[in-house]
6 protein chains.
Amino acid sequence: MMPPRSLGRSIIRRALKEDIGPGDITTQNLIPEGETGRGFIIAKEPLVVAGLEVAGEVFRFLDRGMQIACACKDGDRADAGDTLLTLAGDMRAMLMAERTALNLLQRLSGIASHVQALVGQIAESPVRLVDTRKTTPGLRALEKYAVRVGGAGNHRFGLFDGVLIKDNHIAACGGIATAVERARRAVSHLVKIEVEVTSARQVQEALEAGADVIMLDNMTTDAVRNAVTQIAGRVPVEVSGGINADNLTALCRTGVDIISMGALTHSAPSVDISMQIGK
Amino acid sequence: MMPPRSLGRSIIRRALKEDIGPGDITTQNLIPEGETGRGFIIAKEPLVVAGLEVAGEVFRFLDRGMQIACACKDGDRADAGDTLLTLAGDMRAMLMAERTALNLLQRLSGIASHVQALVGQIAESPVRLVDTRKTTPGLRALEKYAVRVGGAGNHRFGLFDGVLIKDNHIAACGGIATAVERARRAVSHLVKIEVEVTSARQVQEALEAGADVIMLDNMTTDAVRNAVTQIAGRVPVEVSGGINADNLTALCRTGVDIISMGALTHSAPSVDISMQIGK
Amino acid sequence: MMPPRSLGRSIIRRALKEDIGPGDITTQNLIPEGETGRGFIIAKEPLVVAGLEVAGEVFRFLDRGMQIACACKDGDRADAGDTLLTLAGDMRAMLMAERTALNLLQRLSGIASHVQALVGQIAESPVRLVDTRKTTPGLRALEKYAVRVGGAGNHRFGLFDGVLIKDNHIAACGGIATAVERARRAVSHLVKIEVEVTSARQVQEALEAGADVIMLDNMTTDAVRNAVTQIAGRVPVEVSGGINADNLTALCRTGVDIISMGALTHSAPSVDISMQIGK
Amino acid sequence: MMPPRSLGRSIIRRALKEDIGPGDITTQNLIPEGETGRGFIIAKEPLVVAGLEVAGEVFRFLDRGMQIACACKDGDRADAGDTLLTLAGDMRAMLMAERTALNLLQRLSGIASHVQALVGQIAESPVRLVDTRKTTPGLRALEKYAVRVGGAGNHRFGLFDGVLIKDNHIAACGGIATAVERARRAVSHLVKIEVEVTSARQVQEALEAGADVIMLDNMTTDAVRNAVTQIAGRVPVEVSGGINADNLTALCRTGVDIISMGALTHSAPSVDISMQIGK
Amino acid sequence: MMPPRSLGRSIIRRALKEDIGPGDITTQNLIPEGETGRGFIIAKEPLVVAGLEVAGEVFRFLDRGMQIACACKDGDRADAGDTLLTLAGDMRAMLMAERTALNLLQRLSGIASHVQALVGQIAESPVRLVDTRKTTPGLRALEKYAVRVGGAGNHRFGLFDGVLIKDNHIAACGGIATAVERARRAVSHLVKIEVEVTSARQVQEALEAGADVIMLDNMTTDAVRNAVTQIAGRVPVEVSGGINADNLTALCRTGVDIISMGALTHSAPSVDISMQIGK
Amino acid sequence: MMPPRSLGRSIIRRALKEDIGPGDITTQNLIPEGETGRGFIIAKEPLVVAGLEVAGEVFRFLDRGMQIACACKDGDRADAGDTLLTLAGDMRAMLMAERTALNLLQRLSGIASHVQALVGQIAESPVRLVDTRKTTPGLRALEKYAVRVGGAGNHRFGLFDGVLIKDNHIAACGGIATAVERARRAVSHLVKIEVEVTSARQVQEALEAGADVIMLDNMTTDAVRNAVTQIAGRVPVEVSGGINADNLTALCRTGVDIISMGALTHSAPSVDISMQIGK
């Protein structure tokens with residue numbers, strides 16, 4: 001899910017301004033105006049592609065007539081040496097957009113690759129693996145898109161599209177029951193209410209309060225298993241906190257419905273992608 | 001080097017808008033207006049701190065009167081459990097700014113921690129380790145600041161503050177000599193001209209053309225050593241491309257002056273930092 | 001639910017720019033710089049107050065030190081002649097902000113007054129009366145806030161925080177079952193899926209597809225009653241389309257859970273509020 | 001009078017961002033990318049059309065190639081069932097722009113319809129009926145355009161294009177004479193100076209001070225008639241304040257030149273317009 | 001006439017961003033954070049001061065607590081060596097704002113000085129000397145303010161606050177009469193209509209059409225004198241085009257009411273103002 | 001060096017908004033929509049052309065299909081009467097863009113003409129004449145481009161792309177040696193360090209500190225000559241401060257390498273260029 005292209009151009013504009021500023025003093029002084037060329041964006045290691053469209057938009061931002069042909073599509077696997085995108089157009093635009101386009105493509109493909117590996121690890125399980133709000137400031141829409149390209153799901157997009165009641169909210173309301181009730185009265189009937197709990201007692205309170213989803217926060221695998229038994233399918237159960245490749249499989253076997261993992265986005269290493277330019 | 005606070009607020013504004021959008025439907029409906037509290041930002045693993053000021057600014061953006069006390073300063077090492085920042089102010093602001101502030105702090109401290117480890121690995125060497133333009137779109141100024149907090153140096157901030165002549169520029173000009181001459185005529189006398197080369201012959205051409213710095217691109221350690229001998233101290237020598245923790249030390253011993261490494265920023269994992277909120 | 005003040009200032013800035021442009025050629029030429037005065041914002045007809053805070057912010061935008069005292073609070077009823085807000089500060093700021101502040105206050109209080117009357121009409125009923133997305137472009141957050149001040153609830157804030165499957169979506173998917181399934185897979189587990197139906201057959205399909213909410217679109221009161229019987233409490237039922245003060249009460253008696261009404265926002269007349277300024 | 005299309009796109013951008021935010025989670029997940037269709041914008045009640053161009057621009061904002069054919073033009077009367085606009089293009093764009101386009105079109109046509117009725121009521125009279133600055137914040141240019149489509153005229157666009165001296169300005173200057181003189185010295189020779197008066201004595205002062213226009217504020221019909229006699233055609237006379245459909249005709253007979261009425265814009269109800277989408 | 005400070009900060013923000021970009025690599029690296037100092041802005045040649053407030057705002061933009069004392073006020077004459085403004089505050093802010101503040105102050109004072117000299121040249125005459133729209137893009141409000149500080153008047157602020165009918169408008173309407181009539185019908189009753197003419201015949205047409213002001217465009221002094229006789233005081237007369245210090249006095253004696261001169265703003269040389277900084 | 005067209009449109013947008021605001025009340029009311037015409041931009045005095053592309057962009061901003069043919073190119077000399085640019089397209093767009101386009105073209109061509117005269121004066125000399133940061137706030141990129149069109153060079157674009165150590169920096173560091181060393185450690189290896197000096201002793205310190213360039217500030221011609229002898233070619237020498245057409249030639253003979261002159265931009269008078277519009 002990304003905003004439509006016409007609404008999402010500000011990320012590209014800002015990124016190009018950040019890099020080009022008052023001008024590319026190498027390219028604009030050395031490459032004659034109007035010179036054209038061809039470019040090839042190439043994977044340098046095995047990866048899952050994500051971000052082809054936004055990468056292409058970066059080039060088109062500087063040369064509206066840039067011709068772009070995708071050799072594959074988001075979600076495809078590529079090997080080292082595979083061409084992802086070919087470009088034909090203004091040489092200056094190509095050189096000036098190169099770094100910005102690659103920075104986006106490397107990060108998004110890095111996330112998709114990282115996610116796909118984790119999804120593959122639990123492929124047998126019905127559990128839904130989802131991201132969190134631990135994304136790069138300014139790039140959330142793109143990073144959440146890459147998570148889906150990699151095969152996982154999205155949690156909330158922000159503080160505006162889902163209620164997640166945490167300890168401080170509970171404390172301020174004097175209890176889970178009041179908190180859920182206040183939220184229910186205030187929000188749209190299309191929004192679910194999730195309560196974060198840390199004990200069997202809180203699980204019980206959340207169930208009685210009518211929570212739509214229960215999140216088990218930073219619990220041991222055993223505690224998670226017990227909570228799942230206690231909830232007994234009445235509402236979906238999410239676990240969150242301290243999850244990594246090592247404990248992911250075990251958690252899947254506890255019977256939870258959803259696992260959310262910040263590392264999907266905040267610690268995915270960039271993958272290596274480069275650009276060859278020629279006449 | 002960051003733009004002054006008054007010029008740099010747009011990153012924070014955008015990040016908060018992205019997360020809060022039309023409103024935090026949990027906090028604004030459950031926490032009474034005007035309620036105050038205290039917050040503690042705490043390291044959950046050993047790390048090098050970077051970004052305390054910008055994290056504080058995120059909270060101040062939502063509550064101008066938020067009181068913020070730093071328990072340490074950027075560049076300090078912290079252990080799991082150490083408090084980095086304490087806050088006192090509006091409870092709603094604290095909860096609504098939390099994720100955005102942590103996202104920035106975790107990423108910047110992640111970079112500083114990653115950089116410091118690499119700098120430590122080559123502490124004996126006079127080589128200058130520097131970053132590249134492979135930064136997160138929109139966050140370059142912050143990430144380059146974190147690199148310096150970690151003890152490494154900065155390469156160009158963008159395409160505007162240094163000339164770096166690459167193969168396509170050379171091709172378009174018909175040779176290194178013309179390229180350097182065109183650049184020299186065009187740019188300010190405060191800007192140096194660096195030429196990227198891949199062979200001994202190009203090294204020779206760059207030296208004759210009067211390049212201020214020579215960058216050896218993706219060469220083997222042996223080829224680097226030979227080039228250093230060939231250049232013989234006439235201009236500073238930079239190596240770039242394919243550098244990682246494994247070959248870093250060996251490259252330092254070749255006699256180069258500068259090593260640039262994209263991984264300083266593009267693949268530093270986030271470090272774990274959390275926030276405790278209470279009355 | 002409104003974005004926090006620090007994020008929401010752009011509506012005020014734009015509104016003031018629109019009115020003041022390159023300068024207030026009357027006030028800035030006739031009122032000496034630094035002259036101070038007092039202002040009183042007064043209801044000229046019975047109304048429900050909404051927007052006091054945003055009105056105050058308009059004045060503070062032009063004079064950061066403007067002293068503002070609310071004589072009542074949002075949601076209160078006021079009679080003709082009642083003072084709503086008193087101001088003390090820079091005279092120029094007061095005169096230049098007056099129209100913009102009143103325009104906002106009159107519209108928001110107009111909505112709150114209109115809504116409260118309708119809510120009162122069905123006070124005995126358990127039905128939840130909610131707004132729609134038929135709001136003034138640019139003012140949705142404020143208008144939806146005024147709806148809540150008037151005692152009704154909010155439907156979706158936008159296309160991003162709830163799934164509402166309409167006929168074109170159903171057609172594109174080849175049926176309600178596929179549409180609901182695609183949506184379920186794609187969206188966050190905190191978002192509910194509502195299906196708009198126009199026949200008993202579609203009601204059945206929506207129920208079988210696992211819709212979370214069913215919207216009866218533009219049905220007669222009899223058809224609504226039948227649909228409610230058919231749904232039998234399995235999911236909440238919303239009616240929408242062609243609802244006005246005349247048929248509202250009858251619809252409430254059909255057993256539906258939610259009634260959404262565009263007229264809450266798009267046709268609420270402004271209420272009369274004026275400002276007296278003096279030394 | 002509207003700013004040219006290329007300068008006026010920010011209203012549309014903001015309105016679409018407000019509605020779509022990080023994405024339309026129904027349409028973007030259910031409608032295949034690239035699917036095309038046709039749309040018909042249809043009047044649901046008798047109305048005067050206003051805003052066809054801006055409505056079309058909303059669709060073009062999301063699909064630059066959207067084909068738009070107007071079945072009528074601004075100012076035309078339409079009956080229930082009449083098609084106003086037909087569209088052919090990207091289905092996603094059509095569904096995502098629908099609400100924003102209709103919200104603008106319904107409001108602007110609402111104003112034009114309301115204005116035309118009032119203008120018709122006084123069609124025999126030479127009086128010029130004009131709007132005020134009581135417009136929706138952010139939409140003034142569009143609303144003032146709709147007023148003209150409806151057949152009335154525009155008063156000032158803002159505080160920058162006309163001098164209107166009110167009681168506080170007079171008080172600050174110590175009298176009408178000084179106020180007019182200060183204004184005359186300060187403003188461009190293309191700007192007229194209007195003085196708001198509430199008594200025969202002030203009428204006399206305004207005439208002696210050389211006011212270009214006199215505004216009678218909130219006077220009874222008799223007082224207006226007397227003031228018109230007193231002014232005797234020396235300058236144009238405007239009445240303002242408390243004017244509605246009931247007293248409009250009587251006021252026209254007093255001999256005034258201009259009647260300004262806030263209700264033209266601030267209380268015009270939206271008209272009902274909907275969109276049919278199909279393949 | 002300038003927009004209020006809170007609306008006008010974008011000029012300052014843009015100017016500072018243009019100069020500082022990603023950071024001041026001299027000051028931020030050499031001056032310790034938190035160091036304070038004092039600054040003195042000093043005239044280096046005789047001049048008329050204009051822009052003290054905006055210059056002060058530039059410093060306050062970077063250090064909100066900067067203490068600023070004006071040693072004189074806009075419109076005062078200063079001699080070489082006179083202190084105009086003293087500052088005390090953050091040393092980094094002072095050094096980073098210096099150039100931007102001076103650039104504005106030198107330009108605005110340059111205009112005021114240039115204007116005052118020309119106004120002095122025709123001090124005996126009742127003619128009103130005014131500027132044009134030939135201002136620096138982006139700085140019109142400030143430059144028109146400086147014109148008034150220098151003692152001349154302002155013509156239109158833009159295309160929005162006065163009608164000026166030129167040859168192309170006349171041609172498109174088929175004559176002056178139609179053009180004036182169309183304009184009269186379309187614009188607010190507070191806006192005057194000026195017609196640009198180049199012949200006695202056009203003067204006659206403009207008078208008959210009811211123009212409020214007549215502009216004689218690029219006429220010889222003799223032709224101007226004849227036109228003044230022809231118009232005979234019925235409407236104000238403006239001359240424009242090709243006016244400079246040499247023919248200004250003679251034109252004043254022709255009996256015209258208004259002389260507009262682009263050179264007031266577009267060719268005023270900067271005056272020399274510098275800043276001394278110390279502890 | 002200018003930012004690419006797609007990044008640089010904000011200057012044009014702001015300039016047009018400033019001039020057109022809510023609408024051109026003459027053109028939009030008098031010229032029928034869709035009317036087309038031709039325009040000719042013509043030099044009214046001998047000049048060096050600069051800014052043809054940006055002038056064309058102003059027209060294209062209002063009419064994307066405007067056809068523009070350049071009769072010459074930037075850097076060409078034109079005589080009074082020469083056509084610079086011909087346009088064919090929407091008549092309204094042409095009239096509404098005219099003033100903004102000319103304002104830019106007159107200023108940029110004014111700078112280029114002024115610069116070319118000065119460059120011609122020292123044509124025999126190897127000295128490099130460069131501009132300063134004394135440019136019009138908001139227009140620096142364009143003005144620095146015009147300087148190059150006129151044949152001179154550019155100094156720093158801002159505070160971000162070159163180190164220039166002045167007296168206050170030296171004082172804060174306790175000496176030139178420390179200042180240069182701190183800067184060297186902090187900045188990219190592509191940035192040179194220039195030190196501003198006022199005495200022979202400071203020249204010596206700067207040489208010993210390893211400055212890359214030495215700037216002689218406001219020295220007499222004799223002192224400059226002595227400093228050049230003292231520096232003896234070890235680093236490039238720049239002179240700045242108080243330079244004008246009268247002392248420029250003498251300074252060139254002192255043996256300095258670079259002369260920087262604020263007057264290139266801040267005091268270049270506008271040249272006279274006008275537009276003829278016809279069918």
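Convention: sequence-line order gives letters A, B, ...; per-chain numbering from 1.
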Backbone of F/Thr135 reached by a side-chain donor or acceptor of E/Asn103 within 3.5 Å | yes
When rounded to the nearest 0.5 Å, the distance separating CG of E/Asp19 from CZ of F/Phe157 is 12.0 Å
For F/Ala183, is it the side chain, the backbone, both or neither that has a heavy atom under 4.5 Å from a heavy atom of chain E?
-> both
Check each atom of F/Arg107 against the heavy atoms of chain E and say whether the ones under 4.5 Å are side chain, backbone, both or neither.
-> side chain
Side chains of F/Lys166 and E/Thr27 in contact at under 4.5 Å (non-hydrogen atoms) | no
Structural part of F/Glu35 lying under 4.5 Å from a heavy atom of chain E | side chain
Can you tell if the side chain of F/Leu159 reaches within under 4.5 Å of the side chain of E/Ile25, non-hydrogen atoms only?
-> no
Between chain E and each of F/Val163, F/Leu104, F/Ile12, count heavy-atom pairs under 4.5 Å; write down the option with the most.
-> F/Val163
Might you confirm whether atom CZ of F/Arg14 has over 12 heavy atoms from other residues, nucleotides or ligands at distances under 6.0 Å?
-> yes
So OG1 of E/Thr132 and CZ of F/Arg99: to nearest 0.5 Å the spacing works out to 6.5 Å
May I ask you to name which of F/Asp272, F/Thr100, F/Leu164, F/Val187 has the most heavy-atom pairs under 4.5 Å with chain E?
-> F/Leu164
Could you check which of E/Leu95, E/Ile170, E/Ile277, E/Asp167 has the highest count of heavy-atom pairs closer than 4.5 Å to chain F?
-> E/Ile277
Please determine, among E/Ala268, E/Gly21, E/Gly37, E/Gly138, the option with the most heavy-atom pairs under 4.5 Å with chain F.
-> E/Gly138
Side chain, backbone, both or neither: which part of F/Asp161 has an atom under 4.5 Å from a heavy atom of chain E?
-> backbone
Flag yes if more than 12 heavy atoms outside F/Arg38 fall under 6.0 Å of its CZ atom; otherwise flag no.
-> no
Can you find a heavy atom in the side chain of F/Leu30 that is under 4.5 Å from one in the side chain of E/His169?
-> yes
Counting only heavy atoms closer than 4.5 Å, note whether F/Arg133 contacts chain E via side chain, backbone, both or neither.
-> both
Please determine, among E/Ala15, E/Cys173, E/Gly110, the option with the most heavy-atom pairs under 4.5 Å with chain F.
-> E/Cys173
Okay, E/Ala179 and chain F: the region with an atom under 4.5 Å from a heavy atom over there is both
In terms of heavy-atom contacts, F/Ala172 and E/Ile31 come closest through CB-CD1, 3.3 Å
Between F/Arg185 and chain E, which part of the residue has a heavy atom less than 4.5 Å away: side chain, backbone, both or neither?
-> neither
Which residues, numbered in order, of residues 52-62 of chain E come under 4.5 angstrom of chain F by heavy-atom distance?
-> none
Validation row: E/Arg156, F/Thr26 side chains within 4.5 angstrom (heavy atoms) | yes
So what's closer than 4.5 Å to chain F heavy atoms on E/Val271: side chain, backbone, both or neither?
-> neither
Does E/Glu18 use its side chain to pair, donor to acceptor, with the backbone of F/Pro137 at less than 3.5 Å?
-> no
Give the minimum heavy-atom separation between E/Ser267 and F/Ser270, together with the two atoms involved.
-> OG-N, 3.4 Å
